Visitor: 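Structure in structure tokens, see below.
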There are 2 protein chains.
Amino acid sequence: MPKVVDHDKQREKIAEAAWKVIRSGGLAQATVRNIAQEAGLSFGAMRHYFNSQSELLRFAMNLVSDRVKERIRSMRLFASGFNMEDAKRLLMQLLPLDEESTLEMEVWLAFSAKSLSDPELKPRSDEVYDELRKVMMDIVGAMIRTETAKPGLDEELEAERLYALIDGLALHRMLRPGSLSPAMMEAVLTHHLNSLCDKEGSDRT
Amino acid sequence: MPKVVDHDKQREKIAEAAWKVIRSGGLAQATVRNIAQEAGLSFGAMRHYFNSQSELLRFAMNLVSDRVKERIRSMRLFASGFNMEDAKRLLMQLLPLDEESTLEMEVWLAFSAKSLSDPELKPRSDEVYDELRKVMMDIVGAMIRTETAKPGLDEELEAERLYALIDGLALHRMLRPGSLSPAMMEAVLTHHLNSLCDKEGSDRT
DNA sequence: TTTATTATCATACAAATGTACCATATACGA
DNA sequence: TCGTATATGGTACATTTGTATGATAATAAA
């Protein structure tokens with residue numbers, strides 16, 4: 001029998017090489033040859049793992065969302081009922097606060113932009129968008145039902161506001177890291193969450 | 001003397017053709033040949049207006065920001081002192097609410113994503129980011145100084161929060177237009193501005 | 001009308017890229 | 001040890017793309 005190589009592990013290794021290429025050179029540099037070199041493979045060997053470039057890129061995009069989902073799922077949230085600390089921790093997972101998540105989100109931004117004109121990528125982009133929107137609805141909904149939030153909030157409106165705030169912060173951190181520090185990102189998020197709860201208006205963490 | 005053609009007008013016409021190509025096919029389709037066809041020019045004629053593709057794309061990107069700046073400048077804001085209606089009108093200019101601004105913002109998103117790995121585009125991207133950040137600071141600052149806002153607000157934090165909210169809404173509208181209506185965008189913005197002003201918490205337009 | 005200057009077009013050419021194909025190396029089972 | 005299935009490497013080829021070059025058309029001034 002043949003040499004034993006974990007086919008799926010190799011595909012992930014190649015996809016992660018694609019991430020690095022995309023991050024440093026953009027999607028325009030995400031050629032089969034460049035990705036092969038980054039992965040330490042020969043150009044011809046790529047064919048054994050991906051039948052086409054678009055299949056490779058689609059896999060690389062899906063791997064980003066898989067990783068993010070996994071990270072969120074592994075948090076074991078709300079084990080003892082809803083609480084704001086867990087909600088905040090979850091939302092912070094959606095901000096580029098460390099090297100790993102920054103890489104993933106920059107790659108995700110590249111794919112999202114491309115998905116606007118690439119039907120192959122659109123379904124997954126939409127799927128992730130909708131899932132995160134659901135997360136926002138769950139958080140805001142729980143805040144309202146547990147009366148953590150101040151009364152009278154519009155669930156859907158607040159969910160969209162929170163979602164836009166998160167993605168706006170993430171976008172700004174990627175575009176202008178020197179202008180928006182991780183501490184400021186966290187402060188804005190904390191302040192926003194407090195503003196949804198406080199009956200008066202003072203800040204608490 | 002030669003045939004008379006407004007050189008600058010032609011450059012803008014070509015740049016707008018580039019916008020259309022980018023919107024329908026992404027930056028990957030923004031080839032000199034495709035743009036020439038969209039502009040109704042021959043491939044060879046392009047050379048008379050742009051010496052290289054990167055010069056063309058840089059011009060097309062700059063034209064987006066010029067148009068947005070011009071639109072904001074022409075609003076003649078705060079003619080009779082600061083007021084919330086003008087502030088809201090200004091902020092709405094930064095949301096993709098009609099066909100024209102949607103086109104411009106989708107193109108801007110493509111260029112912004114590319115600027116992360118293209119040193120040629122980064123300066124202008126940063127410049128626009130900083131200018132808009134200043135707009136946010138001006139608005140929040142004016143709200144505070146005129147006591148339109150409730151007391152105790154952190155100017156820088158609220159500016160970043162407002163900025164992130166605007167860009168997040170714009171991004172979501174582009175990525176998932178079916179999930180975020182113009183009416184909802186406006187409602188979220190209105191609600192957010194009110195939340196900065198109202199001493200109690202009720203909504204007013 | 002003639003001419004010079006500009007606009008436009010057509011084409012050539014090298015480089016890059018995706019895909020396909022074939023050769024070689026490798027390792028596990030018989 | 002040997003053979004087979006798999007991994008990997010090398011290369012050919014058509015296509016696309018940016019750039020460069022030369023030819024032609026058009027127009028306004030002399």
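Lettering follows sequence order; numbering is per chain, from 1. A quick note: this is a predicted structure, and the numbers were derived from the prediction, not measured.
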Visitor: Does anything in residues 37-45 of chain B reach DNA chain C, meaning a heavy atom under 4.0 Å, and if so which residues?
Guide: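 Within residues 37-45 of chain B, the residues near DNA chain C are B:L41, B:S42, B:F43, B:G44, B:A45.
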Visitor: Provide the closest heavy-atom pair for B:I35 versus B:L56 in the form atom of the first, atom of the second, distance.
Guide: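 Smallest interatomic distance, heavy atoms only, reads CD1-CD2, 4.1 Å.
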Visitor: Would you mind reading off the distance between A:R33 atom CZ and D:dG9 atom P, rounded to a whole angstrom?
Guide: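 A:R33 atom CZ is separated from D:dG9 atom P by 15 Å.
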Visitor: Whole angstrom is fine here: how far is it from CZ in A:F50 over to P in C:dA20?
Guide: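 A:F50 atom CZ is separated from C:dA20 atom P by 16 Å.
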Visitor: To the nearest Å, how far apart are A:L27 CG and C:dA16 C1'?
Guide: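 So the two atoms are 17 Å apart, to the nearest Å.
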Visitor: Looking at residues 13-23 of chain A, who's got a heavy atom less than 4.0 Å off DNA chain D?
Guide: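 Nucleic-acid contacts, sorted: none.
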Visitor: Can you check the B:R47 CZ to C:dC13 P distance for me, whole Å?
Guide: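 So the two atoms are 17 Å apart, to the nearest Å.
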Visitor: Using a strict 4.0 Å threshold on nitrogen-to-oxygen distance, state whether B:E38 and B:R33 make a salt bridge.
Guide: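 Result for this pair is no, no salt bridge flagged.
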Visitor: Would you kindly compare B:M46 and A:A28 by the position of their nearest DNA chain C nucleotide and give the one closer to the 5′ end?
Guide: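 Counting from the 5' end, the first nearest nucleotide belongs to B:M46.
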Visitor: Just how far, in rounded Å, is C1' of D:dT19 from CG of B:N51?
Guide: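 Distance, rounded to whole Å: 11 Å.
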Visitor: Could you state the CD1-C1' distance from B:I35 to D:dG18, rounded to the nearest angstrom?
Guide: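 So the CD1-C1' distance, B:I35 to D:dG18, works out to 12 Å.
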Visitor: If I take atom CG in residue B:N34 and atom P in nucleotide D:dG18, what distance separates them, rounded to the nearest angstrom?
Guide: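 Rounded to the whole Å, the gap is 8 Å.
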Visitor: Rounded off to whole Å, could you give me the CZ-to-C1' distance for the A:R11 and D:dA7 pair?
Guide: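 Atom-to-atom, A:R11 to D:dA7, this comes out as 15 Å.
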Visitor: Where along residues 52-62 of chain B does a heavy atom come under 4.0 Å from DNA chain D, residue by residue in number order?
Guide: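 Contacts with DNA chain D under 4.0 Å: B:S52, B:Q53.
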Visitor: For a quick test of reading the model: is some side-chain N or O of A:H7 closer than 4.0 Å to OP1 or OP2 of D:dA7?
Guide: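 So the side-chain polar atoms of A:H7 do come within 4.0 Å of the phosphate oxygens OP1 or OP2 of D:dA7, strictly under.
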